[in-house]
There are 2 protein chains.
Amino acid sequence: MSELRESIMRTSLELFEKHGFHGVTVNQIVAASNTSKGGFYHHFQSKDELLFVIHDTFITYVLKEAKAANEIHQSPINKIQAIVKAFVRVFDLYKPHISVFYQESIYLKPEYEKQMKRKRDAFKQMVFQVIKEGQESGDFRRELPMEIVGMAILGMVNWIYKWYQRDGKYSIDQIADVYVDFILHAILPSSSHQQQVFDSHLLERPFFY
Amino acid sequence: MSELRESIMRTSLELFEKHGFHGVTVNQIVAASNTSKGGFYHHFQSKDELLFVIHDTFITYVLKEAKAANEIHQSPINKIQAIVKAFVRVFDLYKPHISVFYQESIYLKPEYEKQMKRKRDAFKQMVFQVIKEGQESGDFRRELPMEIVGMAILGMVNWIYKWYQRDGKYSIDQIADVYVDFILHAILPSSSHQQQVFDSHLLERPFFY
DNA sequence: TTAACAAGACCGACTGGTTGGTCTGTAACG
DNA sequence: CGTTACAGACCAACCAGTCGGTCTTGTTAA
């Protein structure tokens, strides 16, 4: 790919994360990328396209990871574990993308917005499906409505972009493990706790206990 | 207070929620509020002040509710239950405020931003404190780091603004009850589950079980 | 080897439209 | 008659996007 194109993306990502899409002008972007208006508009149709590309980069990755996690494992317990772990880890790789994604998605042009919605929904449906399977197989508690549990899980993970910092107190893997433990305790029947928790990777990696 | 001022706030809130702060011009606001530039700037110093007032209205309310819930109850279990319930219910009352709050807070002017941060932090600290108390008293599991658990809870609740709809499948009280159940299962020791769940209000209001 | 040409990459002054905010005027009210 | 509440024409700044032009790189043919 083009050197300059990559540079513009990296630079604008930082700027957008700090000041928001509307808080950054194209002139600022080209200045920070050591290029010009001409250079910018040679590689991007518009400022909006730049916003879209940022969105697409990250959501495409998440979707791919989730599909892989879903196919590799059989039981709902292992599936949800793998999806959550992969999902949480994404925040270490793509935090700037995600910040922009959630802060500015409202400003995507309709055509772009449609594409995003399709991919977002595909991911959401995968999570819902796993929970449903788990409830039907009896691995998960049946008392809790699948949709609310699903949104609770998506919410607690998505919110990570608001507070996670790479040099913070906890590593992304520690956070992922706590989240998995938290979620499994919440959705597994009480009787299977002991067993399940000890089966999980939490014992293999006793970071902070 | 002034009739017009309230009208402007209501109207702009709807517009901001739908199109974002930058997607709405002052002219659109005054048109939708049946007033004029003069009317607007008679009541607000700037468009930014309007954004601030929206933020402040909601966060002040949340803080008040949380303090009340915290003072009324003694045990960490009841406290966390009450705080979560109150917190979730806020999304029914103030969903537009909250949407704007989380989407556009990045654009607050520094002076406004400072005030917001103080109140947000105060709320966060209350949640952290309750979890800490619970872990120290042995009511909550001690294996999970308080900060991560706290952010998980804040995240799953905060995310509600992305999907909750008043005329949706589940009422705000149902959602609140599921969240409380979900959280308590996650943070209570396994042994106390049976007991706790039956103690909670979940049995008093068997909506959908 | 090199001159001629083409095409893509990049430059930056300029513009047209938009937008937050101001200012002068006026009507209602007490 | 002064003060508050509002109206609406106006303005200055800003900003995404354009456009004519230059520079670089690759290709072809003599």
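Every chain is numbered from 1, with letters handed out A, B, ... down the list of sequences.
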**OP:** Could you tell me, to 10°, how much the axis swings from one end of the helix from C/dT1-D/dA30 to C/dG30-D/dC1 to the other, five pairs per end?
**Re:**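 What I find for the helix from C/dT1-D/dA30 to C/dG30-D/dC1 is an axis angle of 0°.
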**OP:** Please check if any side-chain donor atom of B/Asp48 sits under 3.5 Å from a side-chain acceptor atom of B/Tyr112, or the reverse.
**Re:**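 Not at all, the side chains of B/Asp48 and B/Tyr112 share no donor-acceptor pair under 3.5 Å.
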**OP:** Check the side chains of B/Asp173 and B/Ser171 for a donor-acceptor pair under 3.5 angstrom, ignoring hydrogens and angles.
**Re:**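 Note: B/Ser171 and B/Asp173 side chains miss the donor-acceptor criterion.
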**OP:** Quick one: sort the B/His97 and B/Tyr94 rings into parallel, tilted or perpendicular, breaks at 30° and 60°.
**Re:**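 Because their plane-to-plane angle is over 60°, the rings of B/His97 and B/Tyr94 count as perpendicular.
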Subject >> Whether A/Phe58 and A/Phe101 hold their rings parallel, tilted or perpendicular, with breakpoints at 30° and 60° >> reply: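 Judged by the thresholds at 30° and 60°, the geometry between A/Phe58 and A/Phe101 is perpendicular.
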Original post:
Which pairs count as side chain to side chain donor-acceptor pair (under 3.5 Å) when at least one residue sits in residues 145-162 of chain B, sequence neighbours excluded?
Top reply: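 The answer is A/Lys169-B/Glu147, A/Tyr170-B/Glu147, B/Tyr102-B/Asn158.
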**OP:** List in chain and number order the residues that pass side chain to side chain donor-acceptor pair (under 3.5 Å) with A/Asp121, two or more places apart in sequence or in another chain; answer none if no residue qualifies.
**Re:**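 Result, side chain to side chain donor-acceptor pair (under 3.5 Å) vs A/Asp121: A/Lys117.
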Distances under 3.5 Å only, N/O to N/O: pair up the protein atoms with those of nucleotides 26-30 of chain C.
none

**OP:** Inspect the contact between B/Lys79 and B/Glu133 and indicate whether a charged nitrogen and a carboxylate oxygen are less than 4.0 angstrom apart.
**Re:**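 Result for this pair is yes, salt bridge flagged.
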Original post:
Where do A/His22 and B/Phe21 land on the ring pair (Phe, Tyr, Trp, His ring centres under 6.0 Å) test, with the steps shown first?
Top reply: CA-CA 10 Å; A/His22 293 280; B/Phe21 182 70; 9.3 Å; no
Original post:
Does A/Arg142 reach the main-chain N or O of A/Glu136 with its side chain, forming a donor-acceptor pair under 3.5 Å?
Top reply: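 A pair under 3.5 Å: yes.
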**OP:** Mind listing the closest non-hydrogen atom pair of A/Ala86 and A/Glu65 along with its distance?
**Re:**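 Heavy-atom minimum between the residues: CB-OE1, 4.2 Å.
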Original post:
If you walk 5' to 3' along DNA chain D, what is the first nucleotide with an atom under 4.0 Å of a heavy atom in chain A, and what is the last?
Top reply: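 Contacts span D/dC15 to D/dT18, reading 5' to 3'.
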Write down the protein N/O and nucleotide N/O pairs, taken from nucleotides 18-20 of chain C, whose separation is under 3.5 Å; answer none if there are no such pairs.
unit_1: C/dG20; atom_1: OP1; unit_2: B/Lys47; atom_2: NZ; d: 3.0
unit_1: C/dG20; atom_1: OP2; unit_2: B/Val26; atom_2: N; d: 2.9

